[in-house]
Amino acid sequence: MSQFWKPGTEKPRLLDDEEGGVLFFAPSFSSSSSRFGYSSIEKQRQRLPVYKYRTAILYLVETHATTIIVGETGSGKTTQIPQYLKEAGWADGGRVIACTQPRRLAVQAVASRVAEEMGVKLGEEVGYTIRFEDVTNTGVTMVKFLTDGVLLREMMDDPLLTKYSVIMVDEAHERSISTDILLGLLKKIQRRRPELRLIISSATIEAKSMSQFFQNSKKHRGIEGEVVGPITEPAILSVEGRGFSVQIHYVEEPVSNYIQSAVSTVLLIHDQERMGDILVFLTGQDDIDAAVKLLSEEVQNRGRNSSGLIVLPLYSGLPRAEQDLVFTPTARGKRKVVISTNIAETSLTLEGVVYVVDSGFSKQRFYNPISDIENLVVAPISKASARQRAGRAGRVRPGKCYRLYTEEYFNNEMSAEGIPEIQRSNLVSCVIQLKALGIDNILGFDWPASPSPEAMVRALEVLYSLGVLDDDAKLTSPTGFQVAEIPLDPMISKMILSSSHLGCTEEIITIAAVLSIQSIWASGWGAQKELDEAKLRFAAAEGDHVTFLNVYKGFLQSSKLSQWCHKNYVNYHAMKKVIEIREQLRRTAQRLGIVLKSCETDMLVVRKAITAGFFANACRLEAFSHNGKYKTIRGSQEVHIHPSSVLFRVNPKWVIYYSLVSTDRQYMRNVISIEPSWLREAAPHFYHQQRPNPMLH
DNA sequence: GAGCACTGC
């Protein structure tokens, strides 16, 4: 351990940033210890770029309340920094070092890697917590990986996160809602717990604005007026990555059709470049299927060695077996082309990619607080995204990235960073989470990026109408606190609470579990007709929610067999997840003192419970409408029933939807028929006093 | 007649 800074010894070399204010460390080039007996794992660890900064990182963390680490992928920061901290004693005395990730898979992968490097059993000194899985051992676990969502939940029991000595927030540049809420809360905690250290790890140079955010005006002064405790001004440290260089190519002229252009580019690479897989970024399933078809046709038409090119689509809606195809290593003499959504930008890593084709677009969510509708639109990506995409070409050897936009466009028109998710989303869940943590002045909360006041007001309005907040915008008791406790969208939580009075909680928690996963149906190539037919076997006249109950019943009766799922075009993995989520909800309900009762065959109460949570999503069929045109009661928006719904073409007069998807039209997904009188029953102030609505009469 | 990506005691 030659590179070990100890408090009280001479501090490591540092350089002043020419712009002042922040610190950059020059890597110290002293050779690593030649002491023999290092395992190969130890040597591997020392070869990581971050190793050179070990001393510097420990020094900064010791002396600064917040350290911001900018590092590209492959620097080793995620696996190494928690170990350095542990080695330096930050986990002594029963304290815990936490490292958060936005995604569960990453949490599991990093935790098991670190356990392996430390030569310990996962769940002992090194552990992880994600939803449904707590692989830690209290009193033993020193380094804990967890999703930022889990850490937020932990704050409900322990608002100051007292057991943690250091909290490292990884992938902060992704700016997920959870990360942003967490950053705001951690800043607050820091004022109460000066001994707590934060490490914010980000892949982009946005560090400066992050640093400004953590700039704490209040210094902790002792009696003599001298500053005690750590320096409150954040330190910034850059760590280089270990990716190979990627040559960037731009188009000379803007392209009019990026699908066609992507296909031509792939063919050009295949003809002219040496072996290596190609990754193409398009926006969604439509684009991708079209490109796959086009490319396959071109290959055949031109009589190329079609055996040499393997074309594979990749998006989240793809069945697992097909998704797994992209991970099979490419055979000798063949070249794999993966045409993907954003899923390959952060969530999945494909080995063997040497060429990237970047359309410059992705589908992004936008929220309109006026209409209260979340839209999915194709929008230009940011420079940060473009760099991330390009980086995917440099994992195995130097690569090339072909951008289907001009260099001028990249330099002058592309925005540096994407818009944080919190500014593009409905804030209902986010507001109730803060309320539950005792943050009453939501508008005055110190956000890394402020959401729009309109979106805030809209969220407060919905929560008020759900009976979750009172006239003073405080959580109601018990409803508000109970809704906050249930780890689901507040409208679903409210539906569950109402089911308790209506005597149908068993049914409603099944529905809640199904609604919180993507889809219980098996999707597949060319099996659309069979799937539709299978659906008819379960279809309920009341709508999709009751249909889900039928599927769940069938699954239980089959003893949860995968064969049964296969035969009925039901997704087996999805159903297992439903069982898991349902089990969690059952436990939560019991803890809240809700009596679990079944209504057997009485679907009327089930529909009423759904109405109690989702009255705001009520719609009425337009009079004399022949094409199934509905209008929302709240905003008079034109909407249609999604073709995947069992009520498609049935078109009951009054319906409630679970969610809207927007393409060229607004489609209601997961729809149930209701009676209009239930609306006023469920939310009198919403449909009567507050908003007199002639449509209800 | 059609689905960006994540996530939660």
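Proteins come first, then strands; the chains are lettered A, B, ... in the order of their sequence lines, and each starts at number 1. The basis for the numbers below is simple: all heavy atoms, side chains too, and nothing from hydrogens, waters or symmetry mates.
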Assign [X] to base, sugar-phosphate, or nothing according to its heavy-atom contacts below 4.0 angstrom with the strands shown.
| X | value |
| --- | --- |
| A:E421 | base |
| A:F132 | nothing |
| A:R104 | sugar-phosphate |
| A:V661 | nothing |
| A:S347 | sugar-phosphate |
| A:L488 | base |

Indicate whether OP1 or OP2 belonging to B:dG8 is found under 4.0 Å from a side-chain N or O atom of A:T147.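 So the side chain of A:T147 is within the cut-off, an N or O lying under 4.0 Å from OP1 or OP2 of B:dG8.
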For A:T283 and B:dC4, is the shortest distance between a side-chain N/O and OP1 or OP2 below 4.0 Å?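 No, A:T283 has no side-chain N/O under 4.0 Å of OP1/OP2 on B:dC4.
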Listing request: all side chain to side chain donor-acceptor pair (under 3.5 Å) pairs with a residue in residues 477-496 of chain A, at least two apart in sequence or in separate chains.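 Pairs touching residues 477-496 of chain A that pass the test: A:E485-A:R591.
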Do any pairs count as a side chain to side chain donor-acceptor pair (under 3.5 Å) and have a residue in residues 143-156 of chain A, sequence neighbours left out, and if so which ones?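 Residue pairs passing side chain to side chain donor-acceptor pair (under 3.5 Å), neighbours aside: A:K144-A:E154, A:K144-A:Y164, A:D148-A:T179, A:E154-A:Y164.
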Protein-nucleotide distance ([X], atom [atom1]; [N], atom [atom2]), rounded to Å:
| X | N | atom1 | atom2 | answer |
| --- | --- | --- | --- | --- |
| A:E485 | B:dG8 | CD | C1' | 12 Å |
| A:Q590 | B:dC9 | CD | P | 18 Å |
| A:L348 | B:dA5 | CG | P | 10 Å |
| A:L146 | B:dC9 | CG | P | 9 Å |
| A:L182 | B:dT7 | CG | C1' | 13 Å |
| A:R665 | B:dG3 | CZ | C1' | 16 Å |
| A:E174 | B:dA5 | CD | P | 14 Å |
| A:Q285 | B:dG1 | CD | C1' | 13 Å |

I need the full list of salt bridge (Lys or Arg N to Asp or Glu O under 4.0 Å) pairs touching residues 419-430 of chain A, with sequence neighbours left out, sorted by first then second residue.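 Every pair satisfying salt bridge (Lys or Arg N to Asp or Glu O under 4.0 Å) with a residue in residues 419-430 of chain A: A:R365-A:E421.
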Could you please name the option among [options] that lies closest to any side-chain atom of [X]?
| X | options | answer |
| --- | --- | --- |
| A:F648 | B:dT7, B:dG1, B:dC9 | B:dG1 |
| A:R103 | B:dG8, B:dA5, B:dT7 | B:dT7 |
| A:S316 | B:dC6, B:dC9, B:dG1 | B:dC6 |
| A:I130 | B:dG8, B:dA2, B:dC6 | B:dG8 |

If only atom types and distance count, is the side chain of A:T141 paired as donor or acceptor with the main-chain N or O of A:T138 below 3.5 Å?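 Absent.
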Do A:K383 and A:F410 form a cation-pi contact, if we require the NZ or CZ to be under 6.0 Å from the six-membered ring centre and within 45 degrees of the ring's axis?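 Yes.
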Does A:Y657 have A:R669 sitting over its ring (NZ/CZ under 6.0 Å from centre, angle to axis within 45°)?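 No, A:R669 does not lie over the aromatic ring of A:Y657.
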What residues form a side-chain contact (heavy atoms from CB on, under 4.5 Å) with A:A589, not counting sequence neighbours?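 side-chain contact (heavy atoms from CB on, under 4.5 Å) check on A:A589 returns A:I594, A:L596.
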List the residues meeting side-chain contact (heavy atoms from CB on, under 4.5 Å) with A:T547, not counting sequence neighbours, and say none if there are none.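 For A:T547 the side-chain contact (heavy atoms from CB on, under 4.5 Å) partners, ignoring immediate neighbours, are A:W521, A:F538, A:A540, A:V646.
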Pull out every residue in residues 359-367 of chain A that has a heavy atom closer than 4.0 Å to any atom of DNA chain B, ordered by number, or say none.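 Those residues whose heavy atoms fall under 4.0 Å from DNA chain B, taken from residues 359-367 of chain A in numerical order, are A:K363, A:R365.
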Is there a donor and acceptor pair closer than 3.5 Å between the side chain of A:D532 and the base of B:dG1?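 Looking at the base of B:dG1, it does pair with a donor or acceptor on the side chain of A:D532 (distance under 3.5 Å).
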